Amino acid sequence: MQKIMIVEDDEIISSTLKKHLEKWNYEVYVVEDFENIMDIFMKEQPALVLLDISLPCYNGYHWCQEMRKVSEIPIIFISSTNENMNIVMAMNMGADDFINKPFDLNVLTAKVQAILRRTYSFSKQFHILTYKDLVLNILEATISYQNQTIELTKNELKIIQMLFEKSETFVSRDDLMIALWQSDQFVDDNTLSVNMNRLRKKLDDFGIDSLIQTKKGLGYKLSYE
């Protein structure tokens, strides 16, 4: 079940959207804390965001920009401010579509379905991976946590990507070396240790203790509370 996050301060509109989308078997999360939208976004990990422009604290343009720093998930603006300049600004901020209020619920649903289908059904490989509050962007070779972003080398990216993909279990040193061997660099046991130590040192900047857990005989695993 795909999750849709609604960022709309009009309770009647957000409630109506929630009930309607749930009838289409979507999981719906309605934001109520408009000061901490990014924290909620990172925690809920929605497949799509419906975002109003006029919001308390900061407007929708601001939050769209913040989301785009860590994710490329679809964002649809829903707004009564339907002037061309607002639509242009929304698209320039990274939005995928713009729907004017008042809108037909069936039209909105059709747009949501089409964007989700294009984004997920036909994509050959997801390039955004998440683990709790961490976001790994494979295409950009970066890892983000809250408002911090760290750039990764090719080998660091391969290591952390495998740990993300197998976050529920330990990854052996042999499996990591096989993954690194596919690159153009010779990898032996010492090379893996050097790359792992460099990666750990970079991740220390996030202030998370022992993010990569080591267990003798089993390998490595992502772990933090």
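When reading the values below, keep in mind they use all heavy atoms of this one structure, side chains included, and skip hydrogens, waters and symmetry mates. Just so it is clear, the model here is predicted, and its values are computed rather than measured.
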**Heavy-atom side-chain proximity of Val7 to Ile37 below 4.5 angstrom** = yes
**Prompt:** Any idea which heavy atoms bring Ser79 and Phe98 closest together, and the distance?
**Reply:** CB-CZ, 3.9 Å
**Asked** About how many Å separate CD of Gln45 and CG of Asp133, when rounded to the nearest 0.5 Å?
**Response** 8.0 Å
**Item:** Asp205/Arg200 salt bridge by N-O under 4.0 Å criterion
**Value:** no
**Prompt:** Got a sec, which residues hit side-chain contact (heavy atoms from CB on, under 4.5 Å) with Asn25, two or more places apart in sequence or on another chain?
**Reply:** none
**Request:** Kindly give the heavy-atom pair with the smallest separation between Ala47 and Ile73, and that separation in Å.
**Result:** O-CB, 3.9 Å
**Item:** Salt bridge Asp10-Lys101, side-chain N to carboxylate O under 4.0 Å
**Value:** no
**Item:** Residue pair Leu17 / Ile4, side-chain heavy-atom distance below 4.5 Å
**Value:** no
**Item:** Separation between CD1 of Ile78 and NZ of Lys111, rounded to the nearest 0.5 Å
**Value:** 13.0 Å
**Asked** More than 12 heavy atoms of other residues, nucleotides or ligands under 6.0 Å from CG of Asn147: is that the case?
**Response** no
**Item:** N-O pairing of Arg198 and Glu156 below 4.0 Å
**Value:** no
**Request:** Start with the C-alpha gap between Val49 and Ile76, add the side-chain angles, then the distance that decides, and say whether side-chain contact (heavy atoms from CB on, under 4.5 Å) holds.
**Result:** CA-CA 6 Å; Val49 175; Ile76 300 177; over 6 Å; no
**Asked** Does Lys202 use its side chain to pair, donor to acceptor, with the backbone of Glu151 at less than 3.5 Å?
**Response** yes
**Item:** Heavy-atom closest pair, residues Ser167 and Tyr131
**Value:** CB-CD1, 3.7 Å
**Request:** Could you tell me the separation between the CD1 atom of Ile75 and the CZ atom of Phe41, rounded to the nearest 0.5 Å?
**Result:** 6.5 Å
**Asked** Do side-chain atoms of Lys3 reach the backbone of Glu44 as a donor and acceptor pair under 3.5 angstrom?
**Response** yes
**Prompt:** Quick check: does any side chain N or O of Asp175 sit under 3.5 Å from a backbone N or O of Val171, one acting as donor and the other as acceptor?
**Reply:** no
**Request:** Report yes if the side chains of Ile128 and Leu136 come closer than 4.5 Å at any heavy-atom pair, otherwise no.
**Result:** no
**Prompt:** Going by the angle between their ring planes, with limits at 30° and 60°, are Phe206 and Tyr145 parallel, tilted or perpendicular?
**Reply:** tilted
**Message:** What's the separation between atom CG in Asn155 and atom CG in Leu192, rounded to the nearest 0.5 Å?
**Reply:** 9.0 Å
**Asked** Given Leu203, which of Leu134, Leu211, Leu222 fulfils the side-chain contact (heavy atoms from CB on, under 4.5 Å) condition?
**Response** Leu211
**Request:** Using the ring-ring contact (aromatic ring centres under 6.0 Å, His included) rule, take Tyr61 and Phe77 through it: C-alpha gap first, then chi angles, then the decisive distance, then the call.
**Result:** CA-CA 9 Å; Tyr61 299 133; Phe77 272 96; 5.7 Å; yes
**Item:** Beyond-backbone contact of Leu152 with Ile160, side-chain heavy atoms, under 4.5 angstrom
**Value:** yes
**Asked** Do the non-hydrogen side-chain atoms of Met196 and Thr214 ever get within less than 4.5 Å of each other?
**Response** no
**Message:** Consider side-chain contact (heavy atoms from CB on, under 4.5 Å). Of Ile138, Val135, Ile143, which one does Phe164 pass it with?
**Reply:** Ile143
**Message:** With clusters defined by side-chain heavy atoms of hydrophobic residues (ILVMFWY) lying less than 4.5 Å apart, directly or transitively, does Val194 cluster with Ile212?
**Reply:** no
**Asked** Do the non-hydrogen side-chain atoms of Lys221 and Leu163 ever get within less than 4.5 Å of each other?
**Response** no
**Request:** Inspect the surroundings of CD1 in Ile12 and state if more than 12 heavy atoms from other residues, nucleotides or ligands are less than 6.0 Å away.
**Result:** no
**Derivation of the side-chain hydrogen bond (donor to acceptor under 3.5 Å, both in side chains) call for Thr142 and Thr149** = CA-CA 7 Å; Thr142 60; Thr149 299; 5.9 Å; no
**Fill in**
When every non-hydrogen atom of Ile53 is compared with those of Asn59, the smallest separation belongs to O-CB, 3.1 Å
**Request:** Treating Ile, Leu, Val, Met, Phe, Trp and Tyr as nodes and any side-chain heavy-atom pair under 4.5 angstrom as an edge, say whether Leu218 and Tyr220 lie in one connected cluster.
**Result:** no
**Prompt:** Hey, what do you get for CD1 (Ile13) to CG (Leu50), rounding to the nearest 0.5 Å?
**Reply:** 11.5 Å
**Message:** Using side-chain contact (heavy atoms from CB on, under 4.5 Å), reason through Tyr29 and Ile6 one step at a time and then give a plain yes or no.
**Reply:** CA-CA 6 Å; Tyr29 183 93; Ile6 299 174; over 6 Å; no
**Item:** Shortest non-hydrogen contact from Gly60 toward Leu51
**Value:** O-CD2, 3.3 Å
**Asked** Does Thr119 reach the main-chain N or O of Ile115 with its side chain, forming a donor-acceptor pair under 3.5 Å?
**Response** yes
**Message:** Assess whether a salt bridge exists between Lys18 and Glu8, defined as any Lys/Arg side-chain N lying under 4.0 Å from an Asp/Glu carboxylate O.
**Reply:** no
**Asked** Is Gln148 atom CD crowded by more than 12 heavy atoms from other residues, nucleotides or ligands, each under 6.0 Å away?
**Response** yes
**Prompt:** Do Met67 and Met5 have side chains that get closer than 4.5 Å, going by heavy atoms?
**Reply:** yes
**Asked** Out of curiosity, does Met162 fall in the hydrophobic cluster containing Phe170 (side-chain heavy atoms, cut-off under 4.5 Å, transitive links)?
**Response** no
**Item:** Minimum heavy-atom distance Cys64-Ala95, with the two atoms named
**Value:** SG-N, 3.9 Å
**Prompt:** About how many Å separate CE of Met38 and NE2 of His62, when rounded to the nearest 0.5 Å?
**Reply:** 8.5 Å
**Prompt:** Judged by atom type as modelled, is there a donor-acceptor pair below 3.5 Å linking the side chain of Glu140 to the main-chain atoms of Asn137?
**Reply:** no
**Request:** Determine the interplanar angle of the His20 and Trp24 rings, folded into 0 to 90°, and report it as parallel if under 30°, tilted if 30 to 60°, perpendicular if over 60°.
**Result:** tilted
**Asked** Which is it for Arg173 and Ser193 under the side-chain contact (heavy atoms from CB on, under 4.5 Å) test, yes or no, and what are the steps along the way?
**Response** CA-CA 9 Å; Arg173 290 181 66 86; Ser193 296; 2.9 Å; yes
**Request:** Could you tell me whether a side-chain N or O of Arg68 sits under 3.5 Å from a main-chain N or O of Ser71, the two making a donor and an acceptor?
**Result:** yes
**Message:** I want to check something: taking the side chain as every heavy atom from C-beta on, are Asp104 and Thr109 in contact at a cut-off of under 4.5 Å?
**Reply:** no
**Request:** Indicate yes or no: does Lys69 engage Glu66 in a salt bridge with an N to O separation below 4.0 Å.
**Result:** yes
